[in-house]
Each structure stands twice: as C-alpha cells, then as structure tokens.
J.: 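Below is the structure I would like to discuss, written out as structure tokens.
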Amino acid sequence: WKDRGAAVSTRREIDANGKTIVKTVKKGVRDFSFGRTLGEGSYSTVYLATDRQTLKEYAIKVLEKRHIIKEKKIKYVNIEKDTLNRLTEHPGIVRLYYTFQDENSLYYVLDLCNSGELLGVLKKTGTFDVECARFFGAQILDSIEYMHSRGVIHRDLKPENVLLDDSMHVKITDFGTARLLTDPRAPQTPSAAARPDDRPGRDKAQDDTRAESFVGTAEYVSPELLRNKNACKASDLWAFGCIVYQLLAGRPPFKGKIVELDYTFPPGFPPAAQDLVERLLVLDPERRLTIEHIKNHEFFDGQTFGKQLWRMKAPRLR
Ligand SMILES: NC(=O)c1nn(CC2CCNCC2)c2c1CCc1cnc(N=C3C=CCC=C3)nc1-2
C-alpha cells in the first residue's frame with residue numbers, strides 16, 4: 001500500500017551537542033489530535049481531526065490493517081485510494097490530501113464537511129422547494145459529470161453520501177464501492193459496458209469479482225445493477241433521479257428494492273421535476289437521459305453549471 005502525497009511537518013530536536021536541529025518528517029498520527037467520530041463503516045472509522053501545527057481541521061478515515069487482511073478487502077482499499085487519486089480537481093468531491101500508515105492502520109486525510117449530510121438537512125426541513133432542489137441537484141450532477149469524465153462510477157449515490165461543507169456546498173463521499181473504468185471514455189450503457197473487453201492488460205479480475213459482490217443501497221440501486229450486476233454510468237443517473245425525487249417529496253420513490261416501476265408522485269410535485277424524474281427512472285439504462293440532456297432539461301432552466309455554479313451562494317433552506 002504505497003502512501004500517497006507527502007505532507008511533512010517540521011520537528012525540532014536537540015542533538016548530542018545540545019544544538020537544535022530542525023527535521024522534516026512525514027506527517028503521522030502524532031501530528032493530529034483526534035476528535036469525535038463522524039462515521040463508522042464495516043472497514044473504517046472516520047474521525048474529526050485537527051492538525052496540531054496548522055490547526056486545520058480534517059476528516060481522517062482510519063482502516064485497521066488486520067481487519068482488512070482478515071476480510072480480504074485489500075482490493076477495495078486500493079480501489080478507493082486509486083479512485084480518490086483520480087478525483088482530485090473538483091469542488092464537489094471530498095478531496096484526499098494524503099495518506100500515511102503505522103503498524104496497525106492506514107490513514108486517509110480528507111476534506112472535512114462541517115455541515116454533515118444532505119439527508120440530515122433535508123430531514124430538518126421535510127422537503128426542499130424547487131430553488132433548493134435545483135441548486136443541490138445541479139451541484140450533485142456537476143460532480144457526477146466530473147466523476148464519469150474520469151472513468152469513475154460511484155455505484156452507491158444517496159443523500160447520506162452527499163455531504164455539505166461550511167458554505168453548504170455539496171461534497172460527494174464514500175468511494176469504497178466505486179467502479180473504476182480502465183478507459184474513462186467507456187460507453188455509457190451496461191450492454192456496451194458488459195461486452196467482454198479483451199483489451200490487453202485489462203484487469204478483468206477486478207471487474208468480475210467486484211461486480212459480483214457489490215450492490216448499492218436498496219432504495220437507490222438501479223435495475224441493471226440488481227439484474228446483471230453490471231453498473232454503468234447510467235446507474236449513477238438512476239440514483240440521481242431518486243435523489244431529485246427525494247429532495248422535493250421528502251422521501252425516496254421506492255421503499256426497498258424496486259420490483260418494477262411502481263412509484264407515484266405526491267400532489268403538488270413540480271411538473272418540470274416530475275418530467276425529469278420520469279426520464280431518469282427508466283428501466284432500460286440506454287433510454288435514460290444523459291448528463292447533457294439533464295442539464296438542458298426544463299427543470300434546470302436558468303441554472304448555471306461548471307465553475308460559476310460553485311461560486312453561487314447556497315439558497316436559504318425552505
Ligand atoms: N466513508 C467515508 O469516506 C466518509 N464517511 N464520513 C462520515 C459519514 C457519516 C455517514 N454518512 C456518510 C458520511 C465522511 C467520509 C469522508 C470524509 C468526511 C468529511 N466530513 C464528514 N463530515 C460529517 C459531519 C457530520 C456528520 C457526518 C459527517 N464526514 C466524512
């Protein structure tokens with residue numbers, strides 16, 4: 001497990017002649033004071049942590065080596081690190097600054113999102129109005145577009161994994177179950193994605209075993225992931241449709257795994273949003289709206305995307 005990125009801290013020591021020497025050493029666990037637990041996964045715990053020298057706050061994800069080895073999850077750990085290493089330049093993705101390790105654990109030093117989960121904020125207000133749903137929807141979509149452009153499929157997008165920073169801007173997290181496409185320009189749909197890809201050097205093992213073992217969260221998992229376990233970029237857009245529905249309705253469209261497409265819109269659900277959701281919650285991934293179409297959909301009329309979107313002030317929640 002090669003550490004990534006090197007943050008150094010300077011340490012003053014007195015040498016044998018009583019002279020003060022300044023050493024630069026790679027940052028380690030002693031350079032941080034660990035605070036409350038922000039979340040626990042089956043293989044990791046995420047803590048609030050403060051850099052003792054700079055006083056900057058981070059989220060530090062700690063994984064126990066013994067547990068990962070015992071549960072044969074080394075591949076997952078490396079996938080997450082490789083995924084985070086690919087997603088370095090976008091305001092809507094939780095950033096990995098660097099990693100370090102000690103004899104027992106691996107440490108990922110990540111952006112801290114002080115405003116918690118989008119789900120928590122939604123629960124406080126019950127539902128969002130169109131302006132809020134459009135702002136958060138646009139930031140999530142902009143982040144998905146960046147992920148997909150870097151050949152990353154998240155596979156488990158849901159409001160719990162959409163975090164918010166101090167300015168109430170979106171930061172998507174938890175790439176432990178992401179799928180890395182070896183060719184970022186890979187096709188958008190499972191049939192093309194499922195076609196055996198015998199390019200030399202393609203790591204089939206990674207795809208096959210991971211495709212077998214992972215399925216997203218029941219309420220947001222796409223039909224193709226349930227059917228043939230092959231997630232494609234359109235699978236993240238199915239989850240996006242579920243999230244847009246939930247922001248405006250206050251609950252996800254499906255309770256538990258979807259059988260076939262039986263969901264209804266509550267009275268008062270905005271018509272443009274209804275049309276958008278209906279074109280995303282489509283069983284056949286090849287017929288689902290693509291990101292370009294979504295950005296041009298009436299629901300996002302007047303909404304900017306790209307750099308300008310991330311300079312906007314988050315709307316007051318109501
Ligand atoms: N799995 C992770 O990588 C991860 N998990 N968490 C906490 C989870 C809590 C349950 N819902 C999903 C997130 C984080 C991260 C990345 C890095 C990260 C950065 N900031 C926060 N901040 C939080 C603040 C209040 C409540 C929850 C999270 N959390 C995380």
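As the structure lists them, so they are numbered: ligands from 1, and atoms in each ligand from 1.
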J.: Which ligand 1 atoms are under 4.0 Å away from a heavy-atom of Thr173?
T.: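 So the atoms of ligand 1 that pass are 2 (C), 3 (O), 4 (C), 15 (C), 16 (C).
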
J.: Of the protein's non-hydrogen atoms, which lies at the shortest distance from atom 19 (C) of ligand 1, and what is that distance?
T.: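 Protein heavy atom with the smallest distance to atom 19 (C) of ligand 1: Asp111 O, 3.1 Å.
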
J.: Specify the protein heavy atom at minimum distance from atom 5 (N) of ligand 1: its residue, its atom name, and the distance to 0.1 Å.
T.: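 The closest heavy atom on the protein side is Val46 CG2, 3.6 Å.
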
J.: Is the closest N or O pair between Asn161 and ligand 1 shorter than 3.5 Å?
T.: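 Asn161 vs ligand 1: no N/O contact under 3.5 Å.
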
J.: Please tabulate, for the side chains in residues 117-137, all donor-acceptor contacts under 3.5 angstrom to protein atoms that are two or more places apart in sequence or on a different chain.
T.:
{"residue": "Thr125", "atom": "OG1", "partner": "Leu122", "partner atom": "O", "Å": "3.3"}
{"residue": "Thr125", "atom": "OG1", "partner": "Thr127", "partner atom": "O", "Å": "3.3"}
{"residue": "Asp129", "atom": "OD1", "partner": "Glu131", "partner atom": "N", "Å": "3.3"}
{"residue": "Asp129", "atom": "OD1", "partner": "Cys132", "partner atom": "N", "Å": "2.8"}
{"residue": "Asp129", "atom": "OD2", "partner": "Arg318", "partner atom": "NE", "Å": "3.1"}
{"residue": "Glu131", "atom": "OE1", "partner": "Arg318", "partner atom": "NH2", "Å": "3.0"}
{"residue": "Arg134", "atom": "NH1", "partner": "Phe299", "partner atom": "O", "Å": "3.4"}

J.: Do Thr173 and Asn161 have side-chain N/O donor and acceptor atoms under 3.5 Å apart?
T.: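 No, no side-chain donor-acceptor contact under 3.5 Å.
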
J.: Should Arg86 and Asp82 count as an ion pair when the cut-off is N to O under 4.0 Å?
T.: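 Salt bridge between Arg86 and Asp82, a charged N being under 4.0 Å from a carboxylate O: no.
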
J.: Salt-bridged, Asp174 to Arg155, with N to O below 4.0 Å?
T.: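 Looking at Arg155 together with Asp174, the answer is no, because their closest N to O distance does not fall below 4.0 Å.
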
J.: Side chain or backbone of Lys61 under 4.0 Å from ligand 1, or both, or neither, by non-hydrogen atoms?
T.: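 For Lys61, the contact with ligand 1 is made by the side chain alone.
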
J.: Can you name the one residue among Tyr245, Tyr263, Tyr220 that meets ring pair (Phe, Tyr, Trp, His ring centres under 6.0 Å) with Phe254?
T.: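 Result for ring pair (Phe, Tyr, Trp, His ring centres under 6.0 Å) with Phe254: Tyr263.
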
J.: If we ignore angles and hydrogens, is there a donor and acceptor under 3.5 Å between the side chains of Ser235 and Glu224?
T.: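 Ser235 vs Glu224: donor-acceptor pair found between side chains.
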
J.: What protein heavy atom sits nearest atom 10 (C) of ligand 1, and how far away is it?
T.: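 For atom 10 (C) of ligand 1, the nearest protein heavy atom comes out as Glu117 OE2, 2.9 Å.
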
J.: So, does Arg36 sit close enough to ligand 1 that a heavy atom of it is under 4.0 Å from the ligand?
T.: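 Heavy atoms of Arg36 do come under 4.0 Å of ligand 1.
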
J.: Can you list the ligand 1 atoms lying under 4.0 Å from a non-hydrogen atom of Glu160?
T.: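 That gives atoms 11 (N), 12 (C) of ligand 1.
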
J.: For atom 8 (C) of ligand 1, find the nearest protein heavy atom and state the residue, atom name and distance (0.1 Å precision).
T.: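 For atom 8 (C) of ligand 1, the nearest protein heavy atom is Leu38 O, 4.1 Å.
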
J.: Quick test of your reading of the structure: of Cys113, Ser44, Gly116, whose heavy atom lies closest to atom 20 (N) of ligand 1?
T.: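 Of the listed residues, Cys113 has the closest heavy atom.
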
J.: Below 4.0 angstrom, N of the basic side chain to O of the carboxylate: do Glu80 and Lys61 qualify?
T.: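 Looking at Lys61 together with Glu80, the answer is yes, because their closest N to O distance falls below 4.0 Å.
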
J.: Under 4.0 Å between a side-chain nitrogen and a carboxylate oxygen: does that hold for Glu64 and Arg66?
T.: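 So Glu64 pairs with Arg66 through a salt bridge.
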
J.: Report the part of Leu163 in contact with ligand 1, treating N, CA, C, O as backbone and CB onward as side chain, heavy atoms under 4.0 Å; options are side chain, backbone, both, neither.
T.: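 The answer is the side chain of Leu163.
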
